[in-house]
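When a ligand or atom number is given, it counts from 1 through the structure's own listing order.
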Amino acid sequence: MLDLSPLGLAEPPFSLSPDPRFFFLSAQHRTALAKITYTAEQRQGLSVVYGDIGVGKTTIARRIYQIYNDDPAYEAAYMPMPIFPSEFQFLKAICSEFGLPPKRSKYAQIELLNAYLVDIWEQGKNTVVIIDEAQSLVGQQFELIRQMLNFESNSQKLIQIILIGQNELRNKLRLKRSLQSRIATRSTIEPLDMQDTRNMINFRVMVAGRQEPLFTEDAFQLIYDHSKGMPRDVCVIGLNVLPLALINGVNIIDADLVQQAIAEIGED
Ligand SMILES: Nc1ncnc2c1ncn2[C@@H]1O[C@H](COP(=O)(O)OP(=O)(O)OP(=O)(O)O)[C@@H](O)[C@H]1O
Ligand SMILES: [Mg+2]
């Protein structure tokens, strides 16, 4: 692995995997998280998060999962890639996340899940399912989600469902009126502004071990202009500029080096 210690870094600051440790809480991420956790904690059923490719949806999904998986008052399931041939398969996959065995019929499977949810509820606990890439869901799978939201006590939902997906999910939900009308809270993750782009970079650099900024102000500006604040594009530039900084033996990265990295990325 590349030795980043000359830059004061103990580990790579711009990994492309959505590691919750590197999660920078911008104002809008904070708002989205507040809406999602409010929906889950108040047992309001369905919260939906929309966002463009690379804006940080999976990062948020993992963060929510981490919150509820660490909390003994919750049973949490995370479905990263809900591509299933039928709603029965989808249902079995959700059940399996909770350790429930497959059943012969969809009806029996629903009954099993319902009994499980009642049991968890009676223990004073709550159940959360986080579904990433929810724009991949089709037809009857949305209907299954609606059905699961019908599991309720007198006043509360027994299962909280967080749907996270690209903007296409919005269009799909528009066509599923009965599900759309059940959305308790919705959030749209927008790209970062200039200030948060700088803050996110500084945060990631700090988590990776370096206290002082790694980039000049002009370098930040160029990263922002080029990435338009899309977190993945910011990280890709960061990832590509680090080896250039090492080769050039610099300790702070200026706009010229960022420009070189952008040119290399643009060659694809
Ligand atoms: N709030 C954030 N703080 C730190 N890094 C972030 C943040 N949001 C996104 N990133 C980084 O941006 C990259 C893309 O994020 P992520 O994979 O979460 O996006 P996505 O919206 O799920 O993308 P896709 O639409 O392709 O699934 C990752 O490298 C992630 O670490
Ligand atoms: Mg994703």
Side-chain angles (χ1 to χ4, degrees), residues 1-2 4 9-37 47-69 77-84 129-137 161-173 186-210 213-215 220 223-243 258 261-262 265 268:
M1 208 172 76
L2 204 58
L4 297 168
L9 298 165
E11 61 179 313
F14 300 112
S15 161
L16 294 185
S17 58
D19 182 344
R21 274 196 313 132
F22 285 95
F23 181 58
F24 165 69
L25 201 57
S26 72
Q28 56 156 337
H29 284 102
R30 195 186 299 276
T31 307
L33 272 182
K35 287 188 192 175
I36 297 164
T37 52
S47 187
V48 181
V49 181
Y50 305 109
D52 273 341
I53 294 169
V55 83
K57 299 181 299 300
T58 299
T59 308
I60 290 182
R62 297 243 183 130
R63 178 78 192 105
I64 302 161
Y65 179 64
Q66 192 187 41
I67 291 172
Y68 292 120
N69 198 41
Y78 173 48
M79 318 284 295
M81 194 51 91
I83 299 179
F84 298 98
V129 179
I130 300 148
I131 303 174
D132 198 359
E133 302 279 0
Q135 77 281 350
S136 317
L137 295 172
I161 300 174
I162 322 293
L163 292 182
I164 303 176
Q166 291 165 14
N167 290 322
E168 190 191 340
L169 174 64
R170 197 191 302 270
N171 300 330
K172 284 195 169 180
L173 285 173
R186 43 171 69 68
S187 320
T188 302
I189 310 296
E190 304 285 352
L192 303 168
D193 60 16
M194 168 62 197
Q195 198 177 335
D196 272 342
T197 301
R198 187 201 292 112
N199 289 342
M200 182 186 83
I201 294 171
N202 285 339
F203 174 76
R204 295 186 71 117
V205 164
M206 208 172 69
V207 172
R210 172 168 165 147
L214 181 58
F215 296 89
F220 281 127
I223 293 172
Y224 176 70
D225 290 345
H226 196 265
S227 66
K228 309 278 190 301
M230 253 325 169
R232 182 177 291 129
D233 297 337
V234 171
C235 289
V236 167
I237 297 172
L239 197 65
N240 279 272
V241 80
L242 289 185
V258 171
I262 290 171
I265 297 163
D268 296 346

re atom 25 (O) of ligand 1, the protein heavy-atom contact at minimum distance is K57 NZ, 2.7 Å
After noting the C-alpha distance and the side-chain angles of I201 and L214, does the key distance pass the side chain to side chain contact (heavy atoms under 4.5 Å, CB included) rule? CA-CA 9 Å; I201 294 171; L214 181 58; 5.9 Å; no
Q195 vs R198, test: side chain to side chain donor-acceptor pair (under 3.5 Å). Steps then yes/no. CA-CA 5 Å; Q195 198 177 335; R198 187 201 292 112; 5.8 Å; no
R170 NZ/CZ over Y50 ring centroid, <6.0 Å and within 45° of normal: yes
Less than 4.5 Å apart, side chain to side chain, heavy atoms only: is that true for V241 and I223? no
Ignoring hydrogens, what is the shortest heavy-atom contact between D52 and K57? Give both atom names and the distance. O-NZ, 2.9 Å
Are R204 and C235 packed together at the side-chain level, in the sense that at least one heavy-atom pair is separated by less than 4.5 angstrom? yes
Nearest heavy atoms of F220 and F215, plus distance in Å: CE1-O, 3.5 Å
Residue pair I237 / H226: nearest heavy atoms and the distance that separates them: CD1-ND1, 3.8 Å
Heavy-atom pair with the smallest gap, counting every atom of M81 and E133: SD-CG, 4.2 Å
Ligand-side contact atoms (ligand 1) for residue partner G54, heavy atom cut-off under 4.0 Å: 14 (C), 19 (O), 20 (P), 21 (O), 23 (O), 24 (P), 25 (O), 26 (O)
For I53, take its heavy atoms, then give the atoms of ligand 1 lying under 4.0 Å from any of them. 25 (O), 26 (O)
At a 4.0 Å threshold, what atoms of ligand 1 neighbour a non-hydrogen atom of S17? 31 (O)
Compile the donor-acceptor pairs under 3.5 Å between side chains in residues 15-22 and protein atoms, sequence neighbours left out, one pair per line.
residue, atom, partner, partner atom, Å
S15, OG, S17, N, 3.2
S15, OG, S17, OG, 2.9
D19, OD1, R21, N, 2.8
R21, NH1, E11, OE2, 3.1
R21, NH2, E11, OE1, 2.9
R21, NH2, E11, OE2, 3.4

Considering only non-hydrogen protein atoms, determine which one is nearest to atom 30 (C) of ligand 1 and report residue, atom name and distance to 0.1 Å. T59 OG1, 3.6 Å
Identity and separation of the nearest protein heavy atom to atom 17 (O) of ligand 1: R232 NH2, 3.3 Å
If I apply the N/O under 3.5 Å rule, does M200 come out as touching ligand 1? no
2.8 Å cut-off met by an N, O or S atom of T58 to the Mg ion (ligand 2): yes
Just distances here: any N/O of F23 and N/O of ligand 1 closer than 3.5 Å? no
Considering non-hydrogen atoms of the protein only, which is the closest contact for atom 19 (O) of ligand 1, and what is the distance? G56 N, 3.1 Å
Between CZ of F24 and CZ of F203, what distance do you get to the nearest 0.5 Å? 8.0 Å
So for A61, does at least one of its heavy atoms come nearer than 4.0 angstrom to any atom of ligand 1? no
Provide the number and element of each atom of ligand 1 under 4.0 Å from a heavy atom of Q166. 25 (O)
With heavy atoms of S15 as the reference, note each atom of ligand 1 found under 4.0 Å away. 29 (O)
Protein residue, atom and distance nearest to atom 9 (C) of ligand 1, heavy-atom basis: P231 CB, 3.3 Å
Ligand 1 atoms in contact with F22 (distance to a heavy atom under 4.0 Å): 3 (N), 4 (C), 5 (N)
Heavy atom of the protein closest to atom 28 (C) of ligand 1 (residue, atom name, distance): L16 O, 3.6 Å
Give me the residue, atom name and distance of the protein heavy atom closest to atom 27 (O) of ligand 1. E133 OE2, 3.5 Å
Taking only non-hydrogen atoms of F24 and a 4.0 Å limit, the atoms of ligand 1 in range are 1 (N), 2 (C), 3 (N), 4 (C)
Atom pair CG/NZ of L192 and K228 - distance to nearest 0.5 Å: 14.0 Å
With a 4.0 Å cut-off on heavy atoms, is R204 in contact with ligand 1? yes
